[in-house]
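Below is one structure, written out as structure tokens; the observations come after it.
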Amino acid sequence: MMNFVEDLRWRGLLHDIMPGTEEKLAEGVTAGYIGFDPTADSLHVGSLLQILTLVRFQKAGHKPFALVGGATGMVGDPSGKSAERNLLSEDILNHNLAGIKNQLEQFLDFDCGANSAEIVNNYDWFKNFTFLDFIRDAGKHITVNYMMAKDSVKKRLESEVGMSFTEFSYQLVQGYDFYYLWKHKNCVLQMGGSDQWGNIVTGTEFIRRKDGGEAFAITSPLIKKADGTKFGKTEGGNIWLSADKTSPYQFYQFWLNASDADAENYIKIFTFFTQNEVEELINNHLESPHLRLLQKTLAADITTRVHGQNALETALKTTDFLFNNGSLDFLKQLSTHQVLQIFEGIPQFTINKDEIETGIEALTLFAERTKIFTSKGESKKMIDGGGVTVNREKVTLSSKIFSELDLINNQFLIVQKGKKNYFLVIAS
RNA sequence: GGGGGGGUUCCAGAGCGGUCAAAUGGGACGGACUGUAAAUCCGUUACUUCGGUUUCGAAGGUUCGAAUCCUUCCCCCCCCA
């Protein structure tokens, strides 16, 4: 069986590890957990790393706990944040928790004996914990001096914005989580991103001081792109795991568009290929980089894992049409249903058919009848800059009128903003 | 409580009565090149019925004319007590 820590190490996923952790894991089936913040109703590609870490942990024979932060989500983690966070309402929080729980369930194995995964919600042990009990049972064991020494706190104390008592207390709440799981679930390891190191160590310290127990920590590095910019963002915003927020096609494209340098990293971080397999892939890619083997393998693997085989095939079909053999003649042979299938996952807008029969000016179409551009001014600038294509033909005049003659199959307009951003306009 | 500095377009940061929709840099977006890569170069970066219209912390005022001057208010930073 794979050595968990060794596996993380060659993948570049080991940022910090508490002394003794490897030895502890070597003793046998060990329980460990990672917490997920319910800041949205879906996880995104950034949290995918943590999910996969739990999966690797389980594959290495250990017992993973995924903790959803029903309680901590009510407080707000100050780590890595330069300003106080807004509190979420309880309704939103519950909605988010449900969504995240759903996603976690599709990755982990909950029925494999001793190391079956479990999902826990820290709201369960905090909901009946009174404030007085908390400050007596938890607060007494950690000094304020200790808490203030944490980077996340220190930075905010030095900054102009300050920090509320609520956020200051966050690390203690999370620390108590670790203690609770340690005490009741025999969970001795907490993992997370490097920004969580301070919070995690507060937990191990808490366990030591309160019960004289021993607990361990592993963190992964913050993922950045090779050029140093933030990972997981595109023009459209975050890349989410939920198909409602980021379609499988867009998800696939996100990975496919990775630069060579990034793809080499991502394939180690986000797939389960072995070291040999990864090396072979990279070598093959170096021999004929134009084939984009690395990106294609990466994108296919992750899309399948997150959205399933069928979704990948649809994404591939769409990609193939849009970027390889996307002739209009081909499209014209298809039924409406087939066209819509190809364009599944592409942003779509519906316009009034009567209106296009009388003719719609380009600017009106792009900025008012659809949201392809935010204003007529922007549309005009884009057209002038040569960045707008309709039905595979560059739009050169912003005064251009679109009529029913432009409709493909008497129904569709394919609009491109730049080369890669497609939109489907449907007249009905 | 006393003294000083400051709030400018996505960000940083110039401007300090007209030539300012506002320098410069960054970011973002687009174009060329390419491999839907990287690097590089180029363009755009408030809205518009293209006549204008609304922008420089907020509200008033002076002026033919203000981001630039005055008044009040809100917010931030620094020094002294």
Side-chain angles (χ1 to χ4, degrees), chain A residues 82-84 155-163 224-239 247-267 281-300 302-303 312 315-326 342-343 345-347 359-369 371-390 392-401 414-423:
Chain A
S82 57
E84 187 81 16
K155 266 187 212 144
R156 287 279 291 281
L157 291 179
E158 285 162 5
S159 83
E160 305 169 7
V161 291
M163 179 180 225
K224 277 189 182 168
K225 290 199 275 182
D227 60 10
T229 58
K230 209 168 176 182
F231 162 77
K233 291 252 186 197
T234 60
E235 191 198 341
N238 274 328
I239 301 296
S247 72
Y249 162 77
Q250 289 164 328
F251 189 82
Y252 178 83
Q253 284 286 321
F254 168 75
W255 299 102
L256 191 67
N257 275 296
S259 70
D260 287 5
D262 287 333
E264 280 189 30
N265 281 325
Y266 295 169
I267 200 130
L281 276 167
I282 291 176
N283 283 336
N284 285 342
H285 183 263
L286 285 175
E287 270 173 39
S288 39
H290 60 282
L291 295 179
R292 305 174 63 76
L293 178 71
L294 207 48
Q295 282 90 340
K296 283 178 185 166
T297 312
L298 174 75
I302 305 180
T303 306
L312 170 69
L316 284 173
K317 234 185 256 174
T318 307
T319 295
D320 190 50
F321 173 77
L322 295 179
F323 292 96
N324 296 330
N325 60 355
I342 284 185
F343 280 83
I346 303 272
I360 303 181
E361 194 185 16
L363 298 183
T364 310
L365 177 67
F366 298 147
E368 287 176 2
R369 296 298 174 270
K371 298 247 164 52
I372 295 172
F373 296 112
T374 54
S375 71
K376 288 189 177 181
E378 196 196 341
S379 306
K380 186 171 174 353
K381 282 163 195 158
M382 271 296 174
I383 292 170
D384 291 346
V388 184
T389 307
V390 172
R392 299 261 181 243
E393 253 177 65
K394 206 154 255 190
V395 179
T396 48
L397 290 173
S398 49
S399 57
K400 158 101 180 158
I401 308 276
I414 303 169
V415 182
Q416 277 168 270
K417 175 193 166 208
K419 281 199 194 88
K420 302 181 193 174
N421 303 297
Y422 281 86
F423 303 88

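Residue contacts shown for A/Thr319 include a base, since a base heavy atom lies under 4.0 Å away. Looking at heavy-atom distances under 4.0 Å, A/Lys230 makes no contact with the nucleic acid at all. In this structure, A/Glu378 reaches neither bases nor backbone, as no heavy-atom distance under 4.0 Å exists between it and the strands shown.
Put simply, the side chain of A/Lys380 and the base of B/U44 share no donor and acceptor less than 3.5 Å apart. A donor-acceptor contact under 3.5 Å links the side chain of A/Asp260 to the base of B/G35.
Closest to the side chain of A/Lys376, from the set B/U49, B/A37, B/G30, is B/U49. Comparing B/G35, B/A37, B/A32 by their nearest atom to the side chain of A/Lys420 picks out B/A37. Here the side chain of A/Lys381 is nearest to one of B/A38, B/U44, B/G35, namely B/U44. Distances were taken from every side-chain heavy atom of A/Ser259 (C-beta onward) to each of B/A38, B/G35, B/U36; the shortest belongs to B/A38. With distances taken from any side-chain atom of A/Arg292 to the nucleotides B/C29, B/U34, B/A37, the minimum falls on B/A37. Comparing B/U36, B/G30, B/G31 against the side chain of A/Lys419 picks out B/G31 as the nearest. In this structure, the nucleotide among B/G30, B/G35, B/G31 sitting nearest to the side chain of A/Lys394 is B/G31. Here the nucleotide nearest the side chain of A/Gln253, chosen from B/C29, B/U36, B/G35, is B/U36. The side chain of A/Ser375 lies closest to B/U48 when the candidates are B/U48, B/G35, B/A32.
Residue-to-nucleotide proximity on RNA chain B shows that, of A/Ala258 and A/Val388, the 5′-proximal contact is made by A/Val388.
Using a 90° window around 0 for the glycosidic torsion, B/G51 falls inside it and is classed as syn.
Comparing the same atom, P, in B/A37 and in B/C33 gives a spacing of 12 Å after rounding to whole Å. Atom P of B/C73 sits at a distance of 23 Å from the matching atom of B/A67, rounded to the whole Å. Nucleotides B/A46 and B/A22 place their P atoms 9 Å apart, quoted to the nearest Å.
Taken to the nearest 0.5 Å, the CD atom of A/Gln295 stands 11.5 Å off from the CD atom of A/Gln253.
Taking the six-membered ring where the residue is Trp, A/Phe254 and A/Tyr266 present parallel rings, their angle staying beneath 30° rather than reaching 60°.
In terms of heavy-atom proximity, A/Ala300 sits nearest to A/Tyr252 at N-CE1, 3.8 Å.
Shown here, B/C64 forms a base pair with B/G18; the pair counts as Watson-Crick or G-U wobble because both key distances fall under 3.5 Å.
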